[in-house]
A.B. asks: 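The structure that follows is given in the form of structure tokens.
As a basis for the values below, the full set of heavy atoms in this structure was taken, side chains included, without hydrogen atoms, waters or symmetry mates. Sequence lines set the chain letters: A, B, ... in the order given, protein chains first and strands last, and positions in each chain run from 1.
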There are 2 protein chains.
Amino acid sequence: MVNTACGSSTQHQENVRKVRESMLSEREFLFMAELFKALGDYTRIRILSALAINELCVCALAEVLDMSQSAISHQLRLLRAAKLVRYRKEGKNVYYSLDDDHVRNLLAQGSDHIHEIG
Amino acid sequence: MVNTACGSSTQHQENVRKVRESMLSEREFLFMAELFKALGDYTRIRILSALAINELCVCALAEVLDMSQSAISHQLRLLRAAKLVRYRKEGKNVYYSLDDDHVRNLLAQGSDHIHEIG
DNA sequence: TCCTTGCATGATCATCTGTTCACATATGAT
DNA sequence: ATCATATGTGAACAGATGATCATGCAAGGA
């Protein structure tokens, strides 16, 4: 730590004060970090992108991503915890889908961003 | 692996085919995962949120977040790699800011999402 | 020139993460 | 009832991650 105020200039202190006042709460930042963390994995982003196209059961997801059912199931657990997916049971199968259009928007924004920066 | 096609129903296979066709490339998913991974950390999301309010030098960021300059600097390195921030040098100081409005939109979307789900 | 300041970075280490494996549960079919 | 199938989950292990510490480097002031 020991941040001895690099520049003690008026502008510096004014910026620090202004930013401090406008920052969200610790709780909000923790939630946002969890949200993006849930999106920030190669497997999970593919799961969400697949569900953005069509509702799918677990075994279909495993087939699409060419991964074990267990691995998919573990990741779906995290996505449920982050409220990014819904699910409904039908017989022996469990069908997953995106929780709402908000998630779809986040995916679209992410896609836009990477296509912009090449 | 060994995904023995849970349901061999026509609908199941049709869904798998449709989703497979519409999925992005491995490269694109890797980029998106990296993007969200960069956003998915308590320290980095606070750095970005601070920069969304005002351009800041490294020491000001350290002061705002009450963290060591070294820790901030390491995280800024990742944010630069993800093209989420810009920087300009001025004398001994280095001033960081958000790379573009796209980043601002992602932050706003994230904020919206967490406020929706409570 | 020498020193201080602001920033960057390699090494280290504790912690977190994601997959696999084994197994449990549940539902439907025979 | 028995069995196969679809899914969920705990343990465990390898690899990734984030803060700290020490140090390096560049720029400005004495």
A.B. asks: Give the rounded distance in Å between these two atoms: CE of M67(B) and C1' of dA19(D).
C.D. replies: 7 Å
A.B. asks: How many Å lie between OH on Y95(B) and C1' on dA8(C), as a whole number?
C.D. replies: 17 Å
A.B. asks: Between E90(A) and Q75(A), which has a closest nucleotide on DNA chain C that is more 5'?
C.D. replies: Q75(A)
A.B. asks: Under 4.0 Å from any atom of DNA chain C, heavy atoms only: list the residues of residues 76-88 of chain B that qualify, in numerical order.
C.D. replies: R77(B), R80(B)
A.B. asks: Cation over ring, R27(A) on F29(A), under 6.0 Å and within 45°?
C.D. replies: no
A.B. asks: Among residues 29-57 of chain A, which residues get a heavy atom nearer than 4.0 Å to DNA chain C?
C.D. replies: K37(A), D41(A), T43(A), R44(A)
A.B. asks: Given 3.5 Å as the limit, does a donor-acceptor pair link the side chain of R86(B) with the main chain of D99(B), or not?
C.D. replies: yes
A.B. asks: For dT20(D) and Q69(B) - does any side-chain N or O of the residue sit under 4.0 Å from the phosphate oxygens OP1/OP2?
C.D. replies: no
A.B. asks: Under 4.0 Å, heavy atoms only, any strand: does Y96(B) hit a base, just the sugar-phosphate, or nothing?
C.D. replies: sugar-phosphate
A.B. asks: Here's a test for you: under side chain to side chain contact (heavy atoms under 4.5 Å, CB included), which of V94(A), L79(A), V58(A) qualifies with Y87(A)?
C.D. replies: V94(A)
A.B. asks: Tell me, do Q69(B) and I72(B) make a side-chain contact under 4.5 Å, heavy atoms counted?
C.D. replies: no
A.B. asks: Is there a salt bridge (Lys or Arg N to Asp or Glu O under 4.0 Å) between K18(A) and E14(A)? Walk through the geometry before answering.
C.D. replies: CA-CA 6 Å; K18(A) 181 167 79 173; E14(A) 175 58 23; over 6 Å; no
A.B. asks: Quick check against the 3.5 Å criterion: does R44(B) have a side-chain atom that pairs as donor or acceptor with the backbone of K37(B)?
C.D. replies: yes
A.B. asks: Regarding Y96(A) and R88(A), is there a side-chain donor-to-acceptor distance under 3.5 Å anywhere?
C.D. replies: no
A.B. asks: Please check the phosphate of dC7(C) (OP1 and OP2 only) for any side-chain N or O of S73(B) closer than 4.0 Å.
C.D. replies: no
A.B. asks: Ignoring hydrogens and angles, write down the donor-acceptor pairs under 3.5 Å from the side chains of residues 108-118 of chain A, residues two or more places apart or on other chains.
C.D. replies:
unit_1: S111(A); atom_1: OG; unit_2: H115(A); atom_2: ND1; d: 3.3
unit_1: H115(A); atom_1: ND1; unit_2: S111(A); atom_2: O; d: 2.8
unit_1: H115(A); atom_1: NE2; unit_2: E28(B); atom_2: OE2; d: 2.5
unit_1: E116(A); atom_1: OE2; unit_2: H102(B); atom_2: NE2; d: 3.4

A.B. asks: Mark yes or no for whether R20(A), through its side chain, and E63(B), through its backbone, hold a donor-acceptor pair below 3.5 Å.
C.D. replies: yes
A.B. asks: Just how far, in rounded Å, is P of dA26(D) from NZ of K89(B)?
C.D. replies: 9 Å
A.B. asks: Let me know the distance between CD of E63(A) and C1' of dT5(D), rounded to the nearest Å.
C.D. replies: 15 Å
A.B. asks: Among dT5(D), dT19(C), dG8(D), which nucleotide has an atom closest to any side-chain atom of K92(A)?
C.D. replies: dT5(D)
A.B. asks: Stacking between dT19(C) and H74(A), yes or no? Criterion: centroid separation under 5.5 angstrom, plane angle under 30 degrees.
C.D. replies: no
A.B. asks: Whether the side chain of S70(B) and the base of dC21(D) hold a donor-acceptor pair under 3.5 Å is what I'd like checked.
C.D. replies: yes
